[in-house]
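What you are looking at is a predicted structure, and each value in this text was computed from that prediction instead of being measured. First listed ligand is number 1; within each ligand, the first listed atom is number 1. All residue numbers in this chain count up from 1 along the given sequence.
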Amino acid sequence: MNRKTMLTDLKQYEVWFVTGSQHLYGEETLKQVAEHSKEIAVAFDASEAIPVRVVFKPVLTTPDSIYNLCMKANTAENCVGLIAWMHTFSPAKMWIAGLKNLQKPMCHLHTQYNRDIPWSTIDMDFMNLNQSAHGGREFGFINTRMRLNRKVVVGHWQEPEVKEKINIWVRVACAKYDMQGMKIARIGDNMRQVAVTEGDKVSAEIKFGYSVNGYGLGDVVSFVNQVTDADMENLMQEYNDLYALADSLKAGGAQRSSLEEAARIELGLRAFLEDGGFKGYTDTFENLYGLRQLPGIASQRLMADGYGFGAEGDWKTAALVRAMKVMATGMDAGTSFMEDYTYHFNPSNNSVLGSHMLEICPTIAEGKPSCEVHPLGIGGKEDPVRLVFNSPAGDAINASIIDMGNRFRLLVNEVKAVEVEEPLPNLPVARVLWQPLPDLKTAAAAWILAGGAHHTGYSQAVNTEFMEDFADMFDVEMVVIDEETKIRDFKNELKYGDLYYQLRKEF
Ligand code: MN
């Protein structure tokens, strides 16, 4: 169980590089297989394109050695998964016992040591050594026969494209590892009567490995009350250094006390989360007893530090945001909790303005955020402090996990974020403007037909391939809305999914 709450260097994690073979070829060939495997593992380990350690494991040639390795991988601390390569032919019945018991994700690397066929020198010795073209098919069959999800990556191991696919897979494997035993605090339960933020927490724990438990606001307030004036002053100085403080929030300003309260809330909430070992949390403006403001800048900055967040009790999105943030560790582009807020139905540039009442992560900020205080409009509390900013243009995704009653569905929409060209002088929240693929009308119709939430994980770092690997690793349904989406086909896809999961009788 990984209890680390903050995001750190992914080099703390490792994948095992595993090569299948058999004894038929003799010692000399097996020695060469081992040398080649080691060379690839060492190259991956040293590659900046792959963010975890890659550990070479001795070549596997018997059912016992395969089984033993899989069992060790299951319990090995910091091992997030296996990369399997069939350099030669490894009769796949040997893999059954191991694969049946393997609980870590697997990536089948379908590569070969040499890139080119050595036309002038190729002989049968070469052919015996370099058999992945058919060895990989034997291995693929047994995985498919056993209905095992795995990622299949094809290409020469030195190609950047191959390394990028492995990079994505290992990042998702790290997120899966991080999720096992992860604790999400649901502070103040749900926004009343809201449906999509509800769900089966027991099913989620069985499926994803994270737990969600409820806490009263008093649990947080007791930490807020312990914040010292000195710590509060230090944090306000940090706000002053990092953000453009509104005049009213500066020392001597009319609303300086709002900033003091915001800093106390951040410090108290942070202490609550650290004390409980939580990696994510939810709150709701309808239940803030004992807090003077809805946490705004606090939630924004906690998200930037890697905490998952979901507003209005949305624990599924909190867990998803955390997972996406783990996937994106060390990447430049940001990831945030998000909500589809308002449409721009101008035919020339149909687009969506995404935002939330307060809680958008400053990792997606373009430029220096301004730190402001404004009334919230709902909830009946004091004006909350928040960071206000635009977000840069570029490719992004919105992802949502919904509870369909008999299964979880992961829904992804590819979008293009665009510059907000007009000033928004009266809009006191962070925001993103995007154009969904294939177009707003199709994307919104498909999203609604799929039952997607208004809350999402939004990312410019994590793309659809990450989410596909995520869905495969957890064996959950995935539905994608992208430039290929056509509503009639999409409706059928949803129907086929219903049929498939009825037949599987999950949960
Ligand atoms: Mn909301």
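When rounded to 10 degrees, the angle formed at the Mn ion (ligand 1) by NE2 (H356) and NE2 (H455) equals 100°.
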Inset, instruction - Test salt bridge (charged side-chain N to carboxylate O under 4.0 Å, His left out) on D247 and K250 and set out the steps. - result: CA-CA 5 Å; D247 286 342; K250 290 178 179 161; 3.1 Å; yes

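Nearest N/O/S atom of E339 with respect to the Mn ion (ligand 1) is recorded as OE1. In E312, the N, O or S atom that comes nearest to the Mn ion (ligand 1) is OE1.
Distances from the Mn ion (ligand 1) show that H454 has no N/O/S atom below 2.8 Å.
In this structure, a donor-acceptor pair under 3.5 Å is absent between the side chains of Y500 and R407. Side-chain contact of Y307 with S299: a donor-acceptor pair under 3.5 Å is absent, judged by distance alone.
Taking the six-membered ring for Trp and the full ring otherwise, F474 and F470 have centroids separated by under 6.0 Å.
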